[in-house]
**Student:** 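Could you have a look at this structure, given as structure tokens, before my questions?
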Protein chains: 2
Amino acid sequence: MTTLGYAILGLLSRETLSGYDLTRRMGEQVGYFWSARHSQVYPELARLEAEGYVTHSVVEQRERPDKKVYEITGTGLAALREWVTEPARPRPTRDELVLKAYSVWLADPAEAARLFREAASRHEGQLERYEEIEGWMKREWAEDLGRPGSPRFASYATLRRGLGYEREYAAWCRWLADALEGIR
Amino acid sequence: MTTLGYAILGLLSRETLSGYDLTRRMGEQVGYFWSARHSQVYPELARLEAEGYVTHSVVEQRERPDKKVYEITGTGLAALREWVTEPARPRPTRDELVLKAYSVWLADPAEAARLFREAASRHEGQLERYEEIEGWMKREWAEDLGRPGSPRFASYATLRRGLGYEREYAAWCRWLADALEGIR
DNA sequence: TAAGTCATGTAAAAAGTTACATGATTCT
DNA sequence: AGAATCATGTAACTTTTTACATGACTTA
């Protein structure tokens with residue numbers, strides 16, 4: 001099984017979804033820490049079905065094209081549950097902006113500062129979006145956020161990672177931009 | 001040009017290196033934010049040479065096999081310098097551990113807590129290694145760390161990113177492990 | 001009427017990992 | 001003698017991205 005397969009199972013363990021909806025989730029919720037295009041999702045769904053992890057049923061729609069709605073099977077849920085606590089083998093991080101920072105000594109400092117300030121803005125924007133979601137979760141999901149057996153707790157846990165990641169990334173960009181402009 | 005190409009040029013802009021040495025750097029210095037295996041490095045070097053970004057000369061060694069030492073050309077340096085300030089198009093983040101967190105509600109909390117505590121240890125270990133390097137840099141490179149035109153400044157900048165990344169990641173792992181164990 | 005969304009696929013190319021292949025020297 | 005390091009490559013495979021392909025319906 002591929003990691004993409006578990007990403008899909010993770011979504012289907014919460015709700016039934018079509019390939020189209022799965023692809024959208026891959027660009028939103030799960031997309032912040034795992035993503036895939038529809039051209040990867042459709043073949044993966046076929047593989048998951050061939051191996052008995054999911055099933056589908058065709059839902060006819062009047063005003064929209066028909067769709068295949070996928071559901072996780074008992075086998076799929078068991079496989080997902082087992083995978084969760086298995087140690088993940090570390091994948092190399094690849095971050096182009098940090099790579100640029102490594103060669104920033106070659107560039108015009110003012111121009112480089114612009115680049116990192118823009119990046120800071122992007123990450124701050126994402127941080128603000130996450131903070132709004134956090135506020136909403138704390139209001140609407142209060143009781144569930146302390147329950148490790150609740151999917152809402154798990155959603156909150158991943159959101160926390162996003163918050164920390166963006167906050168830290170933005171701070172680093174700002175620090176570097178300041179340093180490039182000679183601000184002490 | 002590929003990003004890997006710029007990673008290689010970034011290393012060659014600082015010192016001449018063989019494919020073998022480049023591969024090692026890809027697992028150390030640059031490896032923390034960009035990495036590649038030797039099977040990717042050798043063909044990429046050939047491509048870079050074919051396009052005039054690098055040249056090589058064979059260095060004969062008595063006690064070791066001969067090696068090809070690569071050097072960046074003026075064209076290569078110019079290309080690298082231009083690339084640094086060009087906006088990087090965002091690549092999707094893929095983090096299997098965060099994906100596991102998304103489905104952690106399915107797992108036994110105690111078992112899951114173990115997983116995230118182990119991850120916290122790994123990131124804390126990496127953080128400690130970075131902190132040692134930081135201490136060393138501040139002692140040995142003090143004058144350069146404020147000079148944006150110095151490669152040492154750039155090395156320090158990427159190290160800062162590593163420090164923040166590991167610190168934040170470890171804190172998140174610890175928070176999640178605590179939450180899974182019901183610690184408030 | 002043109003653009004956008006919903007919906008599902010396949011094909012080709014690029015990027016990255018794992019495995020295959022060789023050979024000298026050095027360290028234990 | 002066996003394992004590790006230095007040194008360079010190719011081949012096969014997996015993963016991911018980009019492009020090709022189609023068609024209905026909705027909104028501006």
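Each chain gets a letter, A, B and so on, in the order the sequences are listed, and its residues count up from 1.
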**Student:** Round to the nearest Å and state the distance from A/Arg91 atom CZ to D/dT15 atom C1'.
**Tutor:** 8 Å
**Student:** Provide, to the nearest angstrom, the distance between the CG atom belonging to B/Asp21 and the P atom belonging to D/dT5.
**Tutor:**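 So the CG-P distance, B/Asp21 to D/dT5, works out to 15 Å.
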**Student:** Would you mind checking if A/Asp95 and A/Lys100 are paired as a salt bridge, meaning a charged N to carboxylate O distance below 4.0 Å?
**Tutor:**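 Looking at A/Lys100 and A/Asp95, the cut-off is not met.
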**Student:** Would a 4.5 Å heavy-atom cut-off, applied to side chains only, mark A/Leu17 and A/Val69 as touching?
**Tutor:**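 A side-chain contact under 4.5 Å is absent here.
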**Student:** Would you check if B/Ser103 and A/Tyr6 make a side-chain contact, meaning some heavy-atom pair closer than 4.5 Å?
**Tutor:** no
**Student:** Distance check needed: C/dT17 P versus B/Glu44 CD, whole Å only.
**Tutor:** 14 Å
**Student:** Please check the phosphate of D/dC6 (OP1 and OP2 only) for any side-chain N or O of B/Tyr20 closer than 4.0 Å.
**Tutor:**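 Affirmative; the distance criterion is met.
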**Student:** Taking DNA chain C as the partner, which of residues 2-14 of chain B come within under 4.0 angstrom of it by heavy atom?
**Tutor:**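 Heavy-atom cutoff 4.0 Å gives B/Thr2.
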**Student:** Could you list all the side chain to side chain donor-acceptor pair (under 3.5 Å) pairs where at least one residue sits in residues 51-60 of chain A, not counting sequence neighbours?
**Tutor:** A/Glu49-A/His56
**Student:** Mind checking whether B/Arg174 and B/Glu124 have side chains closer than 4.5 Å, heavy atoms only?
**Tutor:**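 Yes, side chains in contact.
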**Student:** Mapping B/Pro43 and B/Pro92 to their closest nucleotides on DNA chain D, which lands nearer the 5' end?
**Tutor:** B/Pro43
**Student:** Could you tell me how far apart B/Met1 (CE) and C/dA14 (C1') are, to the nearest whole angstrom?
**Tutor:** 16 Å
**Student:** Looking at A/Tyr102, does the NZ or CZ of B/Arg161 lie under 6.0 angstrom from its six-membered ring centre and within 45 degrees of the ring axis?
**Tutor:**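 No, B/Arg161 and A/Tyr102 do not form such a contact.
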**Student:** Nearest 0.5 Å, please: how far is CG in B/Leu80 from CD1 in B/Ile8?
**Tutor:**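 Going from CD1 on B/Ile8 over to CG on B/Leu80, the span is 12.0 Å.
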**Student:** Do B/Arg94 and A/Ser35 have side chains that approach each other closer than 4.5 Å (heavy atoms only, starting at C-beta)?
**Tutor:**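 Yes; the side chains approach each other to less than 4.5 Å.
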**Student:** Should B/Arg89 be listed as having a side-chain N or O under 4.0 Å from OP1 or OP2 of D/dT18?
**Tutor:**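 Yes, because at least one side-chain N or O of B/Arg89 sits under 4.0 Å from OP1 or OP2 of D/dT18.
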**Student:** In whole angstrom, what separates B/Lys67's NZ from D/dA7's P?
**Tutor:** 5 Å
**Student:** For DNA chain D, determine which residues of residues 93-102 of chain A have any heavy atom closer than 4.0 angstrom to one of its atoms, and list them numerically.
**Tutor:** none
**Student:** Please tell me if the side chains of A/Arg14 and B/Trp105 come closer than 4.5 Å, counting only heavy atoms from C-beta onward.
**Tutor:** yes
**Student:** Tell me whether the NZ or CZ atom of A/Arg167 lies within the 45° cone about the ring axis of A/Tyr130 and under 6.0 Å from its centre.
**Tutor:** no
**Student:** With a 4.0 Å cutoff (strictly under), does any side-chain N or O of B/Gln61 reach OP1 or OP2 of D/dC6?
**Tutor:** no
**Student:** Could you tell me the separation between the CD atom of A/Glu60 and the P atom of D/dA24, rounded to a whole number of Å?
**Tutor:**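 Roughly 16 Å, once rounded to whole Å.
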**Student:** OP1, OP2 of C/dT8 versus side-chain N and O of A/Tyr42: anything below 4.0 Å?
**Tutor:** yes
**Student:** Residues from residues 32-41 of chain A sitting under 4.0 Å of DNA chain C, heavy atoms only?
**Tutor:**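 Close to the strand are A/His38, A/Ser39.
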**Student:** Hey, what's the ring geometry for A/His123 with A/Tyr169, parallel, tilted or perpendicular (30° and 60° as the breaks)?
**Tutor:** parallel
**Student:** Pairs in or reaching into residues 65-83 of chain A: which pass side chain to side chain donor-acceptor pair (under 3.5 Å), with residues at least two apart or in two chains?
**Tutor:** A/Trp83-B/Glu96
**Student:** How many Å lie between CG on A/Leu22 and P on C/dC6, as a whole number?
**Tutor:**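 Distance check: A/Leu22 CG to C/dC6 P gives 15 Å.
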**Student:** Quick one: do A/Glu132 and A/Arg129 make a salt bridge, cutoff under 4.0 Å?
**Tutor:**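 Salt bridge absent between A/Glu132 and A/Arg129.
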**Student:** What's the angle between the local helix axes at either end of the helix from C/dT1-D/dA28 to C/dT28-D/dA1, using five pairs per end and rounding to 10 degrees?
**Tutor:** 40°
**Student:** Salt bridge check: are B/Glu111 and B/Arg114 linked by an N-O gap of less than 4.0 Å?
**Tutor:**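 No, no charged N to carboxylate O under 4.0 Å.
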**Student:** Provide, to the nearest angstrom, the distance between the CZ atom belonging to B/Arg24 and the C1' atom belonging to D/dA4.
**Tutor:**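 One finds 13 Å between C1' of D/dA4 and CZ of B/Arg24, rounded.
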